[in-house]
Every structure is written in structure tokens, then in C-alpha cells.
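For reference, the structure is listed below as C-alpha cells.
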There are 2 protein chains.
Amino acid sequence: MGKEKDLTTEQKILEAARKIFLTKGLDGARMQDIADEAGINKAMLHYYFRSKDKLFEQIFAEVAGHFLPKVLAIFESEETVFKKIETFCIEYINQINETPYVPIFILNEINRHPEEFLKKVFGNKMPPVGKIIKQLEKEQKQGIIKKVDPLQLLLNMLSLCVFPFVARPVIQLIAGMDRTQFNTMIEQRKKEVPKLIIDSIKK
Amino acid sequence: MGKEKDLTTEQKILEAARKIFLTKGLDGARMQDIADEAGINKAMLHYYFRSKDKLFEQIFAEVAGHFLPKVLAIFESEETVFKKIETFCIEYINQINETPYVPIFILNEINRHPEEFLKKVFGNKMPPVGKIIKQLEKEQKQGIIKKVDPLQLLLNMLSLCVFPFVARPVIQLIAGMDRTQFNTMIEQRKKEVPKLIIDSIKK
DNA sequence: ACTTTTGTTAACCAAATGGTTAAACTAAAT
DNA sequence: ATTTAGTTTAACCATTTGGTTAACAAAAGT
């Protein structure tokens with residue numbers, strides 16, 4: 001059961017901090033929790049990362065920085081709209097499935113410190129959502145797809161992909177599902193969600 | 001600008017506690033914050049509510065108890081499926097719009113203390129989601145609507161209604177919207193969301 | 001070999017925080 | 001007018017918590 005492998009102290013801290021911050025949030029996390037989880041002395045946290053806030057920022061930057069751009073890049077590709085929608089949903093759901101606590105973690109930060117978040121994650125440059133929007137507008141004019149607000153379409157897609165994960169415990173209760181059944185349902189959604197979205201714009 | 005009207009101390013505390021807990025969460029809220037917001041001495045919080053946890057439980061019970069059942073009742077009504085979907089979406093979005101911080105507040109509690117939450121909110125009795133599901137299954141067999149998993153349908157509806165509110169700050173940034181424009185978009189969604197859902201099951 | 005730098009620990013510290021207390025105040029009941 | 005019960009306050013308390021320090025160990029230079 002020896003979990004700690006042979007990581008450097010810094011890596012152990014980052015791993016532990018990620019776990020604790022993700023599950024307890026900034027305010028709920030205790031430096032001692034993180035130290036215990038990493039199996040090291042609490043002073044090391046400050047030795048490597050100066051303060052709790054600094055450590056949190058580092059984790060947040062890693063998590064958000066790894067989470068958002070990877071999938072948004074799909075919109076930049078040269079695929080057709082339909083194909084983009086499909087890959088986006090599948091890839092996004094896959095990614096969340098690997099780290100299911102990330103969405104609620106990020107949404108919290110978004111709501112508690114909106115400005116800092118936006119600056120931290122996007123900096124000056126906006127997320128690359130322009131291309132897919134133009135593509136949608138173009139195909140609408142050409143009469144290939146129905147006329148819908150591109151923003152609403154993207155928002156729908158996001159909602160349908162993300163929400164089930166932040167609401168998982170209630171869903172499981174109401175539907176009487178265990179963890180496995182929940183996963184099967186998520187698998188289903190990888191087909192259902194893109195189908196729903198695509199059907200809504202297909203002529 | 002005199003905000004405090006002539007409420008009893010207990011009411012002032014509850015009002016202040018709701019505001020602080022909703023915006024900062026249980027861990028982020030300070031008893032002193034609540035006292036200040038209520039314009040009273042910190043000791044009064046303990047005089048009326050014994051402890052921080054007790055006060056939080058009270059607020060949570062009020063918020064969740066008022067939020068969830070009201071709308072779920074729509075499913076119990078005698079309307080047609082289409083009508084139910086429409087009223088549910090409109091009413092749900094309306095209700096969230098009045099208290100936009102409630103969803104993230106509840107979702108947090110759901111994820112941090114799943115068992116306690118579920119017990120607290122639903123007790124022994126499940127939410128009344130049985131009727132609409134049966135209704136959906138029935139109309140499917142009768143061939144009135146397409147064959148879809150009722151649970152996925154409900155989940156889709158919930159996702160589309162709730163998610164925009166918990167993601168509001170990012171949405172505003174990416175779309176370059178101010179608060180008014182965001183509200184207009186939400187208004188739009190009251191029509192779009194039920195339409196999307198209904199179209200997905202209409203034959 | 002020794003010095004210096006880096007990594008690590010236990011003990012400690014000051015501030016913050018949830019909670020308590022005893023006294024003061026208020027208003028109704030006697 | 002006096003008692004009594006409920007209400008409010010300032011000061012206080014114990015614990016928790018983020019952060020520091022000084023001593024110590026282990027590498028890394030020299």
C-alpha cells in the first residue's frame with residue numbers, strides 16, 4: 001500500500017495539495033491536512049510555497065490551465081460543425097470523468113473571486129471560441145443548419161456535459177444508482193448529448 | 001438607506017446569515033461577518049442559535065427546503081408532458097433568477113457532505129419524480145413521444161436550467177456581456193430550453 | 001577534510017476564530 | 001417601586017490555524 005513512491009518533496013506537496021484543495025476548497029483546506037496527506041512536516045509547505053494562498057494559486061493554475069484549453073482547442077480544428085460538436089462532447093465528458101471534482105472546484109473559484117479567476121485563467125487573451133461561432137453563423141447563412149444563437153448552442157453543450165458531474169450525489173440518490181450505474185449513464189450521455197445538440201440544428 | 005427596518009434580532013440574524021453563507025459558503029463565512037451584516041453583537045448569534053453549525057443548518061434547511069419542492073411539484077400536476085416541461089423550465093429559471101447564489105451553494109453542500117445533505121433535504125421520502133417518469137414511459141409506449149431514457153431527459157432539463165447560473169461570470173466574460181445582457185439571454189432560454197427538450201421527444 | 005548550501009524537523013508564535021460569561025440594560029409582571 | 005425574565009454587550013477564553021525559527025541532517029562545493 002506504500003503510496004508515496006519516490007517523488008520529490010515538492011511533488012508530494014503538489015499532489016497532496018491538489019487532492020485536499022479539490023475536495024475541501026480553499027477555505028475548507030487546512031495546511032496540516034495537506035502536510036499529513038503528503039506525509040511531511042507542515043513547515044515544508046511554506047519552505048516550498050511561501051503561503052497557503054501561493055500554494056493554492058499554483059494548484060489552481062495547474063488545474064484550470066490543464067482543464068480548459070485542451071478541449072477548447074477542438075473548436076479551432078478544421079472539422080465540420082457536426083464533427084466538432086461530437087468530439088467536443090465526448091472529449092469533454094472523458095476529461096471530466098478523469099477528474100470529477102474539477103468542475104465544482106473551478107465553479108466555486110469563479111463565483112467567489114470572479115475577476116481574479118478570469119485574469120488568472122485567460123489573462124489578456126479570450127478563449128478561442130471565435131472560430132466555431134463564425135463557422136456556425138456561416139453554415140446558418142448557407143442554410144446548412146437551422147438558425148440558432150451560437151452562444152446558446154455552446155452553453156447548452158457545456159451545461160449538458162458538466163452539470164451531471166457537479167450534481168452526481170443527488171442524481172445517484174434520486175435514481176437509486178450506485179457508482180457503476182452512474183458511469184454507465186455517463187457513457188450513454190457521450191452519445192445522447194451530441195445527438196441532442198446536433199438534432200437541434202440539423203434541418 | 002436604512003436597511004434594518006424593524007425586524008426582530010432573530011430575523012436580522014437569519015437574513016444576514018443567509019446572505020453571508022450563500023456568498024462565502026460554510027467554511028468561508030465568519031461569525032463576525034454575520035454579526036456585522038446584521039448590525040448586532042456576535043454573542044447574539046450564539047444566544048439564538050447556539051453554534052455556527054446549528055445556524056448553518058437552519059439556513060440550509062430554509063434555502064433547500066424552499067427551493068427544491070416547489071418546482072418539483074409541477075411534475076405531480078395533471079398537465080400533459082409537454083406542458084409540464086414548459087412550466088418546469090420557466091418556473092425553475094424564474095426561481096433561480098430570484099436567488100442566483102442558491103445553486104452553487106447547494107451543489108457545494110451536496111459535494112462536501114453528500115449523506116448529510118440527502119438526509120436533511122429529502123429525509124426518508126424520495127423527491128416526487130416518479131409520476132413524470134411513469135407518464136413519459138406511458139406516452140412512449142403509446143407512441144406519442146420518442147423513446148428516450150426519462151432520467152436522461154430530466155437531467156438534460158435540469159442541466160440546461162441550472163448551469164448557466166453557476167457559470168455566469170465565465171459566460172459574461174467569454175461573451176462580453178454585462179449583467180443586463182446576461183438577463184436577456186436568460187429570458188431567451190425560458191423559450192429555448194423547453195423547445196429544445198420538447199423537440200427532442202416530439203415525433 | 002571542511003565549509004556552504006539545501007532540505008527537514010519540532011517547537012514555537014501571533015492572529016484569528018468559535019464560543020462563553022458576567023454584568024448591564026430593558027420591559028413587562030407583580 | 002420592585003422583582004423578574006428576557007435581551008444585549010464588552011470582555012474574555014481556548015483552540016485552531018497560518019506562519020516562523022532555530023537547531024539539525026544531508027548534499028554539494030571547495
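Chain identifiers are assigned alphabetically (A, B, ...) following the order of the sequence lines, protein sequences preceding nucleic acid strands; residue numbering begins at 1 within each chain.
B:Ile13 has its CD1 atom 10 Å from the P atom of D:dT9, to the nearest Å. Atom P of nucleotide D:dG19 and atom OH of A:Tyr48 are separated by 18 Å, given to the nearest angstrom. Put simply, CG on A:Asp36 is 12 Å from P on D:dT17, counting in whole angstrom units. We find that CG of A:Asp53 is positioned 16 Å from P of D:dT17, with the value rounded to whole Å. In this structure, CG of B:Asp27 is placed 10 Å from P of D:dT17, rounded to the nearest angstrom. To the nearest angstrom, C1' of D:dT15 lies 12 Å from CZ of A:Arg30. The nearest whole Å value for the distance from the CG atom in A:Asn41 to the C1' atom in D:dT21 is 12 Å. For the pair A:Met31 CE and D:dG18 C1', the interatomic distance rounds to 7 Å; values are reported in whole Å.
For the side-chain contact (heavy atoms from CB on, under 4.5 Å) test, residues two or more places apart in sequence or in another chain that qualify with B:Thr9 are B:Ile13, B:Ile40, B:Met44, B:Tyr48. Listed by chain and number, the residues in a salt bridge (charged side-chain N to carboxylate O under 4.0 Å, His left out) with A:Glu187 are A:Lys190 (sequence neighbours excluded). Under the rule for a side chain to side chain donor-acceptor pair (under 3.5 Å), A:Glu192 has no partner lying at least two apart in sequence or in another chain.
Residue contacts for B:Ala35: at a heavy-atom cut-off of 4.0 Å it reaches no nucleic acid atom on any strand shown. Using a 4.0 Å heavy-atom criterion, one finds that A:Met44 contacts the bases of the nucleic acid, with or without backbone contacts as well. When heavy atoms are screened at a 4.0 angstrom cut-off, B:Phe49 is found touching no nucleic acid atom at all.
An OP1 or OP2 oxygen of D:dT8 is reached within less than 4.0 angstrom by a side-chain nitrogen or oxygen of B:Thr9. Look at B:Tyr47 and you won't find any side-chain N or O under 4.0 angstrom from OP1 or OP2 of D:dG6.
Protein chain B contacts DNA chain C from C:dT17 to C:dT21, reading 5' to 3' and using non-hydrogen atoms of the protein with a distance under 4.0 Å.
Salt bridge annotation for A:Lys131-A:Glu78: present, with a cationic side-chain nitrogen under 4.0 angstrom from a carboxylate oxygen.
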Polar-atom pairs under 3.5 Å, protein N or O versus N or O of nucleotides 22-29 of chain D: list them with distances, or write none.
none

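Within the 4.5 Å cutoff, side-chain heavy atoms of B:Lys83 are placed close to those of B:Thr80. Contact of the A:Ile186 side chain with the A:Pro164 side chain is registered, since non-hydrogen atoms from C-beta on lie closer than 4.5 Å.
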Inset, instruction - Determine, step by step, whether B:Phe21 and B:Phe105 satisfy the ring pair (Phe, Tyr, Trp, His ring centres under 6.0 Å) criterion, reporting the C-alpha distance in whole Å, the side-chain angles of both residues, the deciding distance to 0.1 Å, and the verdict. - result: CA-CA 8 Å; B:Phe21 279 137; B:Phe105 173 77; 7.5 Å; no
Output side-chain donor-acceptor pairs under 3.5 Å for residues 54-69 of chain B, partner residues at least two apart or in another chain, one line each.
{"from": "B:Glu62", "atom 1": "OE1", "to": "B:Arg18", "atom 2": "NH2", "distance (Å)": "2.4"}

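Summarising the local packing, CZ of A:Phe82 is surrounded by more than 12 heavy atoms from other residues, nucleotides or ligands at distances under 6.0 Å.
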